[in-house]
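Side chains included, hydrogens not; waters and symmetry mates left out as well; all remaining heavy atoms used. Just so you know, these numbers come straight off a predicted model, no measurement behind them. Numbering starts at 1 and runs along the sequence shown.
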Amino acid sequence: MIMKLENEKVLKRLRRLKMSYKRLFFVLILLAVSALEIFAGGRDRVGTAGATELLIPIGARGTALGGSYICSASGIDALFWNPAGVSGGNNSAEAMFSHMSYFADIGVNAFAVSASFADVGTFAFGLRAFSFGDIPITSETSPDNTDATFSPSYTIIGVSYSRALSDKVRAGITFNFINETIAAVSASGFGFDVGVQYFGLAGINGLKLGITAKNLGPEMKFDGGGLFKPTTPVNSERTISSLMKVDAAGFELPSFFEISIGYEQNFTQDHKAIFATSFQNNNYLQDEYKVSMEYAFRDLFFVRGSYQFVPQDSDEYLYGPAFGAGIHYNAGGVDMQVDYGYRWNRFFDANHIITVKLGF
């Protein structure tokens, strides 16, 4: 009798816990769907946002797939695409290192780690840093090179939490701290990403749905000593110049909403393919459409390709095709995966990305 009562109590607790997860899932869905209305009119607001480094992709696999795989992203690299997938890794702890050769000699470096805890969820930490090299300092009075240089510093620190709410649903959230420093001025702010993944859509095994709303947060604003300018009063008896501070305008984060549908097909035990497509509704850019495919052989070798486009002004859109490949193997109990990604650029050098992932 006592055992029966205890079992009933446990079952009730599990039901309440399950219901709380369902409520969280629906809240996240409503938030993401509401963002679709908030983000309307992106075409009319092109170029009005700041902190656009948040839009630079991280990770060779996701870049090669055009970012359209947010429905199936899993493990540590999902931190930068859809935080819901972070809890989908096959290891209790993971680490990732990534380097992108951007254009104009800009380098994008990323580091991330994650740890999973039973019945709690998965926590992750990510760091993105941008290297610009030395840039000559010029001014209104000295437009030519003065032999002095500066180097901007852009850093993004993210903390993420993800959990599988059931065998079909994952949800996650990431909080990002953003800092931009350019010479003697800087701006700091924060934003967050939220995402969900659903598996077995419409009762079809292998059909997946992913939804994300990213870069949601308050305005940022530059401040610092570089905003003080020497001025001389006009029509005044004072002839001594004084310092005047320029009040910089605030800018919003480049928020967007994305929905992705994918299908995973196992042809045989050795051959598997993932097909995915997504629609990205941008608040401050044109809306984007993406399609991608990944082929895997024995979970050892991967080939990837994608294409992304905009329906209007396609001649001005920077990106299009992207390709990549990867190798996965287990060495001494450590999962290792090395991925390469290539992204075409219409006007600048193509992007090259190398990513190394370790699982423990």
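A side-chain N or O of S162 and one of S87 form a donor-acceptor pair less than 3.5 Å apart. If you check the side chains of Q286 and Y317, you find no donor sitting under 3.5 Å from an acceptor. In this structure, a donor-acceptor pair under 3.5 Å is absent between the side chains of T181 and S186. With 3.5 Å as the limit, one finds no donor-acceptor pair spanning the side chains of T212 and N82. For the 3.5 Å distance criterion, the side chains of Q337 and D339 qualify, holding a donor opposite an acceptor. With no hydrogens or angles considered, a side-chain donor-acceptor pair links N179 and S188 at under 3.5 Å. Side chains of N330 and D335: a donor-acceptor N/O pair is present below 3.5 angstrom, by distance only. Side-chain atoms of S98 and T355 form a donor-acceptor pair, as typed in the model, at a separation below 3.5 Å.
The minimum heavy-atom distance linking Y69 with A276 is given by the pair CA-CB, 4.4 Å. The minimum heavy-atom distance linking Y198 with V169 is given by the pair CD1-CG2, 3.5 Å. Contact record, G121 with R163: N-NH1, 3.6 Å, taken as the closest heavy-atom pair. When all heavy atoms of A124 and V86 are compared, the pair lying nearest together is CB-CG1, 4.0 Å. Across all non-hydrogen atoms, the minimal contact from G66 to S306 is N-OG, 3.1 Å. Taking each heavy atom of A60 and G341 in turn, the nearest pair found is CB-N, 3.5 Å.
Heavy-atom contacts from other residues, nucleotides or ligands closer than 6.0 Å to CG of D270 number more than 12. More than 12 heavy atoms of other residues, nucleotides or ligands sit less than 6.0 Å from atom CG of L127.
Between the side chain of N176 and the main chain of F190, no donor-acceptor pair closer than 3.5 Å is present. Judged by distance alone, the side chain of S160 and the main-chain N or O of I173 form a donor-acceptor pair under 3.5 Å. Judged purely by atom type and a 3.5 angstrom limit, S260 uses its side chain to pair as donor or acceptor with the backbone of T277. Put simply, the side chain of N215 never gets that close to the backbone of L253: no donor and acceptor are under 3.5 Å apart. Panel note: side chain S151, backbone G133; a donor-acceptor pair is recorded below 3.5 Å. A donor-acceptor contact shorter than 3.5 Å links the side chain of S68 to the backbone of L65. Of the possible donor and acceptor atoms, one in the side chain of S92 sits under 3.5 Å from a partner among the backbone N and O of F360.
The ring pair (Phe, Tyr, Trp, His ring centres under 6.0 Å) pairs that include a residue from residues 320-339 number zero, where partners must be two or more places apart or lie in different chains.
Ion pairing between a basic and an acidic side chain is recognised when a charged N comes within 4.0 Å of a carboxylate O; K290 and E258 show such pairing. Ion pairing between E94 and K357 fails under the 4.0 Å rule for side-chain N and carboxylate O.
Contact of the I178 side chain with the L54 side chain is registered, since non-hydrogen atoms from C-beta on lie closer than 4.5 Å. Between Q197 and K208, the closest side-chain pair of non-hydrogen atoms is not below 4.5 Å. Put simply, the side chain of M96 reaches to within 4.5 Å of the side chain of F80, judged on heavy atoms. Side-chain contact check for W81 versus P57: some heavy-atom pair is nearer than 4.5 Å. By the 4.5 Å heavy-atom criterion applied to side chains, F192 and T174 are not counted as neighbours. Proximity of L55 to L285: side-chain heavy atoms (C-beta onward) are separated by under 4.5 Å at one or more points. Y284 has its side chain within reach of E252: a pair of non-hydrogen atoms, C-beta onward, lies under 4.5 Å apart. Considering only heavy atoms from C-beta on, L209 comes within 4.5 Å of I259 through its side chain.
No single ILVMFWY cluster, assembled from side-chain heavy atoms under 4.5 Å apart, contains both I157 and F123. F275 and L201 are not part of a single hydrophobic cluster, where members link through side-chain heavy atoms under 4.5 Å apart. One hydrophobic cluster, built from ILVMFWY side chains closer than 4.5 Å, cannot hold both I70 and F302; they sit in different ones. Under the 4.5 Å side-chain heavy-atom criterion for ILVMFWY residues, a single connected hydrophobic cluster contains both V108 and L318. Each of Y342 and I106 belongs to its own hydrophobic cluster when Ile, Leu, Val, Met, Phe, Trp and Tyr are linked at side-chain heavy-atom distances under 4.5 angstrom.
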Chi angles and distances behind the side-chain contact (heavy atoms from CB on, under 4.5 Å) call for F125, L79: CA-CA 8 Å; F125 169 84; L79 174 67; over 6 Å; no
Evaluation steps, side-chain contact (heavy atoms from CB on, under 4.5 Å), between S74 and R170: CA-CA 10 Å; S74 61; R170 296 184 194 135; 4.2 Å; yes
Worked verdict on I353 versus Y340 for side-chain contact (heavy atoms from CB on, under 4.5 Å): CA-CA 6 Å; I353 311 98; Y340 166 77; over 6 Å; no
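N109 pairs in a side-chain contact (heavy atoms from CB on, under 4.5 Å) with only one of the listed residues (H99, M100, R128), which is H99.
Two rings, from F347 and F103, have their centers 6.0 Å or more apart. For Y289 and F309, the distance between ring centers is under 6.0 angstrom.
Atom OG in S255 sits 10.5 Å away from atom CG in D193 (nearest 0.5 Å). One distance of note links CG of D349 with OH of Y102; it measures 12.0 Å at 0.5 Å rounding. Taking CZ from F130 and OG1 from T155, the interatomic distance works out to 8.5 Å, rounded to the nearest 0.5 Å. Here CZ of R304 is found 9.0 Å from CD1 of I274. Values are rounded to the nearest 0.5 Å.
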Side-chain donor-acceptor distances from residues 218-229 under 3.5 Å, at least two apart:
| unit_1 | atom_1 | unit_2 | atom_2 | d |
| --- | --- | --- | --- | --- |
| K221 | NZ | D247 | OD1 | 2.9 |
| D223 | OD1 | K245 | NZ | 2.8 |

